[in-house]
There are 2 protein chains.
Amino acid sequence: MATPGSDGIQAVDRAFDIVESLNDLDGAGVSELADHVDLPKSTVHNHLKTLERAEYVVRDGDEYRTSLKFLQLSETARTQQELYRVARSEVDQLAEKTGEISALMTEEHGRGVFLYRSRGSEAARIDTCVGDRVPIHCTALGKAILAFLPEGRRTEIIDRHGLSAVSPNTITDREVLAEELESVREERIAYDDEERLNGLRSVAAPILDGSGSVIGSISVAGPTHRMRGDRFETAVPETVLGIANVIELNLEHS
Amino acid sequence: MATPGSDGIQAVDRAFDIVESLNDLDGAGVSELADHVDLPKSTVHNHLKTLERAEYVVRDGDEYRTSLKFLQLSETARTQQELYRVARSEVDQLAEKTGEISALMTEEHGRGVFLYRSRGSEAARIDTCVGDRVPIHCTALGKAILAFLPEGRRTEIIDRHGLSAVSPNTITDREVLAEELESVREERIAYDDEERLNGLRSVAAPILDGSGSVIGSISVAGPTHRMRGDRFETAVPETVLGIANVIELNLEHS
DNA sequence: TGTATTGTTCCGCGATGATGAACGCTTATG
DNA sequence: CATAAGCGTTCATCATCGCGGAACAATACA
């Protein structure tokens, strides 16, 4: 509007708006959707018809749903990531060894994305799902990545997304974060002390490729009462580092 | 083209064409993509810019990739399916009990979609992935669904997709299929005797909801040399039926 | 250094997507 | 039972907006 033709193709933007709304609403009718995206019913209807013909949307009785074609898309998108193919089974092992939740993260558009997650026998109940996107500064996984990104990229990301507080312990000061990232670079280990979620602590290590660029990170997360003392400070970090090294080795030979 | 305004919104169709091509090509540059979808570079570029801004596409060095935002979409789409939430752990059990591959399927747009899959200890190596879409007439899972769909829907699907042969054993005759579906309705069990893949046999049962409509099916699949005789004809079918009943029960109370 | 690709920008034209009104239809409501 | 309110759908008009060719820039290659 303000900048005339500088934004993307409206029809496409709207189509994805509709798809996302459809997801948020757990399926919806034309009118409900039209109201939600603030567009005339006819426009929404036209989009739905198009999306249905392309099989990205499904009519389920009296409402529309997003189809499982997205499952197909995402599954190949994920499998294309070498990191996922290589790290997946190692993350399973990490969960099994520690009994806690283990996760695999990568970065996209300045946010952290959970690529995979595995639950050990003692694992806390689920709080995040595969595919979830979280602010990168408030998780051990994110900080492990952030620390090893090139300086330019790092400030670009922080400038764009800021350091919003998502829990009382979240680091919101650039100075403090910079210092912590410095120590992450030294130890190759990042910690999260209830910075995203009260009662949850985690330990993460970055995964670097052959050229030394970060391509993701792995972690172990558990309730604070189990993640403390020597276990939190030494045992778990060592295990995580060990698995990280195995993954990096496997990445080289493939 | 031939029918002027009767097809959907072109911009949206093209956007999805591009996304799919991007997936097929494992990431690509503008020119390569433009060539693949047979459109001018500038048009493709415009779409990519739009998709990137919406975070559905990512620039990875010198080429574009589909982003993991699709993972987020598909994960919520899948979790919205009550069938998935309820049946998932039962499918795990089915795999564990039999040692083979167990799968969960549902129907969309007349095709079978794998919603979930679990591997037992003896499981054959993977041949299909979650999200894959297969012709519905050539799998036990598909036939279990097809048999319990309303007459109208069934013929509509067969009319639309035909009965193409995907293996030497595939049923391609409507009469033959109709007879087999009749027996599926009686037994509540469908078989696949190498009809989709040479050397692979499977046994499936439909899942009906409270009102008696099919909402999916579950199966056990294994190599022909293990799936035969009494095991193929009695033992496995009984196990599958048992789990199917459990799932149906759980569906009622939720 | 020249050449052949690549990704990107620009702009005018004309197709085409957006729109509101109108149509059946089913479901609340008096 | 009649009326009204809501739904999804269709239609035709108009201005917009996406399209595409050509020009440009930035690289890789010989």
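Each chain gets a letter, A, B and so on, in the order the sequences are listed, and its residues count up from 1.
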Carboxylate-amine/guanidinium contact [X] [Y], below 4.0 Å:
X	Y	answer
A/Glu75	B/Arg117	no
A/Glu182	A/Arg185	yes
A/Arg111	B/Glu55	no

Mind checking whether [X] and [Y] have side chains closer than 4.5 Å, heavy atoms only?
X	Y	result
A/Asn250	A/Glu90	yes
A/Lys69	B/Glu20	yes
A/Leu33	A/Leu22	yes

Any idea how A/Phe70 and B/Phe70 line up, ring-wise: parallel (<30°), tilted (30 to 60°), or perpendicular (>60°)?
parallel
In terms of ring plane angle, is the pair B/Phe16 and A/Phe16 parallel, tilted or perpendicular, where the classes change at 30° and 60°?
tilted
Examine [N]: is either OP1 or OP2 under 4.0 Å from a nitrogen or oxygen in the side chain of [X]? Give yes or no.
X	N	answer
A/His47	C/dG17	no
A/His45	D/dG8	no
B/Tyr64	C/dT6	no
B/Arg14	C/dT16	no
B/Gln10	D/dC19	no

Of all the choices, C/dG7, C/dG17, D/dG20, which nucleotide is nearest to the side chain of A/Asn46 once you look at every atom?
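Shortest atom-to-atom distance from the side chain points to C/dG17.
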Side chain of B/Leu39 - closest among D/dG20, C/dA18, C/dT9
D/dG20
Would you kindly compare A/Val12 and A/Asp62 by the position of their nearest DNA chain D nucleotide and give the one closer to the 5′ end?
A/Asp62
Spacing between [X] atom [atom1] and [N] atom [atom2], to the nearest angstrom:
X	N	atom1	atom2	result
B/Asp38	D/dG21	CG	C1'	15 Å
B/Lys49	D/dC17	NZ	P	15 Å
B/Leu48	C/dG7	CG	C1'	11 Å
B/Asp35	C/dG7	CG	C1'	15 Å

What one-letter contact string describes nucleotides 22-30 of chain D from 5' to 3', where B marks a base within less than 4.0 Å of any protein heavy atom, S marks contact via sugar-phosphate atoms alone, and - marks no contact?
---------
Those residues of residues 27-34 of chain A lying under 4.0 Å from DNA chain C by at least one heavy atom:
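Under 4.0 Å from DNA chain C: no residue of residues 27-34 of chain A.
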Provide the full list of salt bridge (charged side-chain N to carboxylate O under 4.0 Å, His left out) pairs with a residue in residues 149-161 of chain B, sequence neighbours left out, each pair given once.
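Qualifying pairs: B/Glu107-B/Arg153, B/Glu151-B/Arg154, B/Asp159-B/Arg174.
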